[in-house]
Amino acid sequence: MLKNKPAATIKGHQGPVNQVNYNSNGEYCSSAGDDKTIILWNPLDGVKLKVYNGHGQSVRDVVSSHDNCNLGSASADRCAFYWDVASGTILRRFRGHDSVVNCVKFNKSSNMLLSGGNDSTVRIMDLKSRSYEAVQILDDAKDSITSIDITDDEITVGSVDGRIRIYDIRMGKLHEDFVGESITNVCFSNDNQSVIVNSTDNTVRLIDKTSGQLLNDYTGHVHTKLQLQAVSWYDDSAILSVCEKSKVFIWDLIGGEVKQTLELPALSQTLSVHPSRYQLLTGDISGQINLWITKGEKNPEKHEGEKSMSMWALPPR
């Protein structure tokens, strides 16, 4: 069980936090804000490590590469950026989308960056080449792309058109499942056997990725209009989702019953789970990031001010 109050509260954005994500080892997290900035944090003590500027409008998503050396970001300025973490340099600006870019994702090798937008397309960029053009465009969706996830051989895409699409990269096949309501978030379970789907009918679903069979659904929260996220713990023991009533719901994966609810300090649309611990980050409309830890775990030490990047052991390039 998590503590009922945040163990730490971090404030650095001047406006809503649209996305917060742990990096691959959970030592750092990055956040994307309506204030056009990306911030890299040490979430345990709330220290701001670096601010990334360059987008012209609200940053909608940010994600770390699997080696933690790079960031990918999506923005309302119709661009996806590829960043160097240590220097803060923009290595590539991808401008192919015709509208807001909602989501980005690296593949496991971090040599490809995928972006999805309101123009109903997913664009796949080869980061090893010098090209600024997509090597492939997935245009099967009939409405805005809200979410992407990728494994070694599959891409799953969520859309406002109410369908999840799973692309088999190796076989070149597409499998579609119709949910009905707008989908705001999709992600593979950690065992890669199923897909977690969050949609605007107050329901999170667990769907078998091969057969499309509904394995379980999770209800009790309110989700009718906002772009809310749902994820699983690192060990797939529970499903977590933010709620339009400023709560986090945590359900047992198998039984489907609500195990815990957390009262959030403010409305949040984004959450991120630690890759190897029962720790949770939420980002809210006040510009805060909140760290939630398990009962019995000590609260992290609090420090004031910023620290130089050189004081932290960032992964070598």
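In this structure, Ser194 contributes its side chain and Asp208 its backbone to no donor-acceptor pair below 3.5 Å. Between the side chain of Thr121 and the main chain of Ile137, no donor-acceptor pair closer than 3.5 Å is present. Looking at Asp119, its side chain never comes within 3.5 Å of a backbone N or O of His97 through a donor-acceptor pair. Between the side chain of Ser159 and the backbone N or O of Ser144, at least one donor-acceptor pair lies under 3.5 Å. Side-chain atoms of Lys50 do not come within 3.5 Å of backbone N or O of Ile38 as any donor-acceptor pair. At distances below 3.5 Å, not a single donor-acceptor pair connects side-chain atoms of Asn192 with backbone N or O atoms of Thr151. No donor-acceptor distance shorter than 3.5 angstrom exists from the side chain of Thr294 to the backbone of Tyr278, with no hydrogens or angles considered. Distance alone, capped at 3.5 Å, places no donor-acceptor pair between the Ser131 side chain and the Ser129 backbone. Judged by distance alone, with hydrogens and angles left aside, the side-chain atoms of Gln227 form a donor-acceptor pair with the main-chain N or O of Thr146 at under 3.5 Å. At distances below 3.5 Å, at least one donor-acceptor pair connects side-chain atoms of Ser211 with backbone N or O atoms of Gln213.
Within the 4.5 Å cutoff, the side chain of Val197 has no heavy atoms near those of the Val204 side chain. Thr37 places a side-chain heavy atom less than 4.5 Å from the side chain of Ile39. Under the 4.5 Å side-chain criterion, counting only non-hydrogen atoms from C-beta, Leu113 is in contact with Val104. A 4.5 Å side-chain heavy-atom check between Tyr218 and Ser241 finds every atom pair outside the cut-off. Contact of the Asp126 side chain with the Met112 side chain is registered, since non-hydrogen atoms from C-beta on lie closer than 4.5 Å. In this structure, the side chains of Glu297 and Gln279 come closer than 4.5 Å at one or more pairs of heavy atoms. At a threshold of 4.5 Å between non-hydrogen side-chain atoms, the residues Thr282 and Leu264 count as touching. No side-chain heavy atom of Asp236 sits less than 4.5 Å from a side-chain heavy atom of Ile239.
When the shell of 6.0 Å around NZ of Lys245 is examined, it contains 12 or fewer heavy atoms from other residues, nucleotides or ligands. Taking a 6.0 Å sphere around CD of Gln14, one finds it holds 12 or fewer heavy atoms contributed by other residues, nucleotides or ligands. Heavy-atom neighbours of Lys5 NZ from other residues, nucleotides or ligands within 6.0 Å: at or below the threshold of 12.
Closest non-hydrogen pair, Val85 versus Asn68, comes out as CG2-O, 3.6 Å. Pairing each heavy atom of Glu133 with each of Arg123, the nearest pair is OE1-NH2, 4.3 Å. The two atoms that bring His221 and Val242 nearest to each other are CD2-O, 4.1 Å, heavy atoms only. Across all non-hydrogen atoms, the minimal contact from Lys209 to His175 is O-CD2, 4.3 Å. Shortest non-hydrogen contact noted between Leu280 and Trp233 is CB-CH2, 4.3 Å. For the pair His55 and Cys79, the tightest heavy-atom approach, listed with the atom from each and the gap, is CE1-O, 3.8 Å.
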task: Apply side-chain hydrogen bond (donor to acceptor under 3.5 Å, both in side chains) to Ser99 and Arg78, showing your working.
output: CA-CA 5 Å; Ser99 187; Arg78 301 186 294 178; over 6 Å; no
field: Derivation of the side chain to side chain contact (heavy atoms under 4.5 Å, CB included) call for Ile148 and Val122
entry: CA-CA 8 Å; Ile148 308 168; Val122 174; 4.1 Å; yes
task: Apply side chain to side chain contact (heavy atoms under 4.5 Å, CB included) to the pair Ser64 and Ser30, showing each step before the final yes or no.
output: CA-CA 8 Å; Ser64 295; Ser30 52; 4.2 Å; yes
- request: Decide side chain to side chain contact (heavy atoms under 4.5 Å, CB included) for Leu240 and Leu271; before the verdict, give the C-alpha distance in whole Å, the side-chain angles of both, and the deciding distance to 0.1 Å.
  value: CA-CA 9 Å; Leu240 302 86; Leu271 77 171; 3.9 Å; yes
task: Starting from the C-alpha separation in whole Å, work towards a yes-or-no answer on side chain to side chain contact (heavy atoms under 4.5 Å, CB included) for Thr89 and Leu91.
output: CA-CA 6 Å; Thr89 303; Leu91 301 176; 4.3 Å; yes
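Taken together through direct or relayed side-chain contacts under 4.5 Å among Ile, Leu, Val, Met, Phe, Trp and Tyr, Val195 and Leu253 form parts of separate hydrophobic clusters. Under the 4.5 Å side-chain contact rule for hydrophobic residues, Val273 and Val248 share a cluster. No path of Ile, Leu, Val, Met, Phe, Trp and Tyr side chains, each step under 4.5 Å between heavy atoms, connects Tyr234 with Leu281, placing them in separate hydrophobic clusters. Taken together through direct or relayed side-chain contacts under 4.5 Å among Ile, Leu, Val, Met, Phe, Trp and Tyr, Leu40 and Ile90 form part of one hydrophobic cluster. If you chain together hydrophobic residues whose side chains sit under 4.5 Å apart, Ile196 and Leu226 never meet in one group.
From Ser75, atom OG reaches atom CZ of Arg60 across 8.5 Å, with rounding to the nearest 0.5 Å. To the nearest 0.5 angstrom, His274 atom NE2 is 12.0 Å from Ile293 atom CD1. Atoms CD1 and OG, from Ile207 and Ser189 in turn, are 11.5 Å apart once rounded to the nearest 0.5 Å. Residue Leu114 holds its CG atom at 7.5 Å from CG of Leu138, rounded to the nearest 0.5 Å. With rounding to the nearest 0.5 Å, the separation of CD in Gln229 from NE2 in His223 is 10.5 Å. A distance of 4.5 Å separates CD1 of Ile250 from CG of Leu2, quoted to the nearest 0.5 Å.
For Tyr28 and Trp41, the gap between ring centers reaches or exceeds 6.0 Å. Ring centroid separation for the pair Phe81 and Tyr52 does not come in under the 6.0 Å cut-off.
Using a cutoff of 4.0 Å between basic side-chain nitrogens and carboxylate oxygens, Arg170 and Asp153 are scored as salt-bridged. Contact check on Glu244 versus Lys225 returns no salt bridge, with no Lys/Arg side-chain nitrogen under 4.0 Å from an Asp/Glu carboxylate oxygen. The pair Arg165-Asp161 meets the salt-bridge criterion, since a charged nitrogen lies less than 4.0 angstrom from a carboxylate oxygen. Between Lys105 and Asp149 a salt bridge is recorded (basic side-chain N to carboxylate O distance below 4.0 Å).
Side-chain contact check for Ser286 and Asp284: at least one donor-acceptor pair (N or O, by modelled atom type) lies under 3.5 Å. Checked by atom type, the side-chain pair Gln19/Thr270 shows a donor-acceptor distance below 3.5 Å. Side-chain contact annotation: Ser58 with Asp34, donor-acceptor N/O pair under 3.5 Å present.
The aromatic rings of Tyr132 and Phe94 lie tilted to each other, with the angle between the two planes from 30° to 60°.
A side-chain hydrogen bond (donor to acceptor under 3.5 Å, both in side chains) with Asn102 holds for exactly one of Thr184, Asn118, Asn18; it is Asn118.
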